[in-house]
2 protein chains.
Amino acid sequence: MEHALKKPAPRAAEKIRAKSGHPAPKAAIRREKEALILKAAEEVFSEFGFRGATTQMIADRAGMPKANLHYYFPTKLVLYRQIIEEIFSIWLEAAQSFDENSDPVEALSRYIDKKMEISRSHPNGSKIWANEVMHGAPIIQDYLETTLRDWTDSRMAIIQRWIDDGLIDPIDPRHLLYMIWATTQHYADFVHQINTLNGGKALSDDQWNCARRDVKIIILKGIGAKGCGDL
Amino acid sequence: MEHALKKPAPRAAEKIRAKSGHPAPKAAIRREKEALILKAAEEVFSEFGFRGATTQMIADRAGMPKANLHYYFPTKLVLYRQIIEEIFSIWLEAAQSFDENSDPVEALSRYIDKKMEISRSHPNGSKIWANEVMHGAPIIQDYLETTLRDWTDSRMAIIQRWIDDGLIDPIDPRHLLYMIWATTQHYADFVHQINTLNGGKALSDDQWNCARRDVKIIILKGIGAKGCGDL
DNA sequence: AAAAATCTTGACCAACTGGTCAGGAATGTT
DNA sequence: AACATTCCTGACCAGTTGGTCAAGATTTTT
């Protein structure tokens with residue numbers, strides 16, 4: 001015990017606001033705190049996994065006592081699920097661009113670009129997803145069986161049409177999708193390994209451009225897509 | 001308390017051996033028990049991660065009381081590290097075949113085949129590795145910086161020579177390696193997702209052959225390797 | 001046979017973790 | 001101003017976990 005009793009200190013946030021003279025509307029407080037917690041939780045979950053993360057760690061990183069975190073999110077699982085759902089929606093949204101173009105080169109290029117962008121700007125989400133799937137998807141199994149499966153089926157159909165139309169070589173659409181997922185997500189999930197092999201530094205803008213270009217070239221050329229020489 | 005006191009029951013293993021009349025040499029006991037524990041630990045670690053796995057779970061799956069496990073492996077970390085090291089050696093060993101052939105088509109084909117084989121036969125190892133790297137490689141960082149980096153550098157040099165000799169297109173060797181790793185390991189790390197998208201069933205032999213073939217074709221054709229039309 | 005070394009295990013413990021709660025503080029409403 | 005609502009937090013608790021230990025069982029050595 002360093003201090004047997006402490007005088008009831010005013011809350012830090014209120015202190016600051018008092019100085020600046022602003023009020024602290026309840027609605028805003030809720031929004032801000034929840035965002036703070038979600039951000040901290042995403043970091044901690046991606047670094048330690050669901051079980052490895054403790055609500056104490058998340059609370060610390062969000063700058064509030066643990067009890068306060070539990071005031072906004074009753075359980076760790078609720079917090080985790082909300083994060084997973086947000087990640088999932090980002091993934092699906094990025095996938096939209098896939099079918100805005102009828103040309104395989106255009107459609108696949110954009111899709112790969114978007115996926116690479118997400119891997120760079122949102123690596124934690126990818127990691128949490130990978131972690132979840134690797135451990136048997138205990139929490140998002142229903143998503144895999146419904147939304148993801150539907151999405152996959154429809155995109156495979158599109159790819160199959162390209163094959164039937166002779167626009168790309170006859171490969172199994174499934175494995176093309178897996179290769180795109182695997183490769184693009186690798187730059188998020190294995191960013192630590194990639195950085196280590198890059199002399200301990202994060203990839204520069206140039207290196208990212210190079211990665212994007214090479215990934216696109218190899219995949220598009222690999223499936224014999226017509227007219228991809230000028231990427 | 002269901003039973004206040006229990007008579008000292010003879011150990012199960014000894015019971016069986018007594019029946020069969022065999023003795024139980026200490027050396028063999030040690031070997032068998034350690035192997036049993038390592039096998040169980042690999043399963044549990046791959047399913048729950050380091051922190052998610054409990055020594056109790058591992059002991060249960062190995063069919064022995066927890067205290068017995070701690071007799072052979074003093075701490076959970078020691079057990080984990082031993083497993084990681086074994087996995088690492090398998091990976092490097094498989095990579096040997098990479099430079100037994102001077103022809104890029106031959107060398108890369110064999111390398112991809114071996115990696116796909118490992119993903120099918122040894123998915124747990126791949127998952128543990130991925131988990132470890134995703135969480136910042138807290139335990140194997142030194143391996144990444146020494147052995148893996150050396151290996152990567154030497155292979156990149158070989159690929160660069162192929163490029164200089166005009167045997168493959170000028171892409172960044174680094175990203176070719178990453179693509180091979182990402183794609184082949186995806187079939188281990190994301191096996192749950194793949195199976196779910198496959199109607200909940202594991203890939204059949206035919207499907208595996210198809211995956212192997214498509215992965216090889218796309219990558220080899222994608223880098224413009226000469227003479228890979230007959231894969 | 002007896003002593004030494006190794007193996008086995010139930011019981012136990014200290015540290016930690018998710019989650020609770022009471023009561024005080026800030027804000028909103030009348 | 002007075003009352004209601006929402007927010008904040010130190011203290012607390014029950015369950016879990018990695019790891020220990022002493023005492024007994026089995027095998028090896030002398």
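In what follows, chains carry the letters A, B, and so on, assigned in the order in which the sequence lines appear, proteins first and then strands, with residues in each chain numbered from 1.
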Let me know the distance between CG of A:Leu69 and P of C:dT17, rounded to the nearest Å. 14 Å
Round to a whole Å and report the spacing from CG of B:Asn68 to P of D:dG24. 18 Å
Tabulate protein N/O versus nucleotide N/O from nucleotides 14-18 of chain D, keeping only pairs under 3.5 Å, one per line.
from   : atom 1 : to      : atom 2 : distance (Å)
D:dT17 : OP1    : A:Arg51 : NH2    : 2.8
D:dG18 : OP1    : B:Ala53 : O      : 3.2
D:dG18 : OP1    : B:Lys76 : NZ     : 2.9
D:dG18 : OP2    : B:Thr55 : N      : 2.9
D:dG18 : OP2    : B:Thr55 : OG1    : 3.0
D:dG18 : N7     : B:Lys66 : NZ     : 2.9

Less than 4.0 angstrom from a charged side-chain N to a carboxylate O is my criterion; do A:Asp205 and A:Arg120 meet it? yes
Is the phosphate of C:dC7, meaning OP1 or OP2, less than 4.0 Å from a side-chain N or O of B:Tyr71? yes
Which of the following nucleotides, C:dT8, D:dC8, C:dT20, is nearest to the side chain of A:Ala67? C:dT20
Anything under 3.5 Å between a donor and an acceptor, one on a side chain of residues 83-91 of chain B, the other on a protein residue two or more places apart or in another chain? List them.
from    : atom 1 : to       : atom 2 : distance (Å)
B:Glu85 : OE2    : B:Tyr143 : OH     : 3.1
B:Ser89 : OG     : B:Glu86  : O      : 2.8

Among residues two or more places apart or on two chains, list those pairs meeting side chain to side chain donor-acceptor pair (under 3.5 Å) that have a residue in residues 64-84 of chain A. A:Tyr80-A:Glu132
Axis-to-axis angle for the helix from C:dA1-D:dT30 to C:dT30-D:dA1, ends of five pairs each, to 10°, equals 0°
Let me know the distance between CG of A:Leu79 and P of C:dG18, rounded to the nearest Å. 11 Å
Donor + acceptor pair across side chains of A:Gln207, A:Asn198 (<3.5 Å): yes
Would you kindly give the CE-to-C1' distance between A:Met64 and D:dT9, to the nearest whole Å? 12 Å
Once side-chain hydrogen bond (donor to acceptor under 3.5 Å, both in side chains) is applied, do any residues pair with B:Asp60, and if so which ones, sequence neighbours excluded? B:Gln56
Whole-Å gap separating P (D:dT6) and CZ (A:Arg31): 16 Å
Can you name the residues that form a side-chain hydrogen bond (donor to acceptor under 3.5 Å, both in side chains) with B:Arg30, not counting sequence neighbours? B:Glu34
Qualifying residues under ring pair (Phe, Tyr, Trp, His ring centres under 6.0 Å), relative to A:His192, sequence neighbours excluded: none
Using whole Å, report how far CZ of A:Phe73 lies from P of C:dG18. 16 Å
Once side-chain hydrogen bond (donor to acceptor under 3.5 Å, both in side chains) is applied, do any residues pair with B:Arg212, and if so which ones, sequence neighbours excluded? B:Asn209
Can you tell me the distance, in whole Å, between the CD atom of B:Glu32 and the P atom of D:dT26? 17 Å
Report yes if at least one side-chain N or O of B:Arg30 is closer than 4.0 Å to OP1 or OP2 of C:dT6; otherwise report no. no
Tell me: CZ of A:Phe48 to P of C:dT17, nearest whole Å? 11 Å
Output all residues satisfying salt bridge (Lys or Arg N to Asp or Glu O under 4.0 Å) with B:Arg110, sequence neighbours left out; order by chain, then residue number. B:Glu106
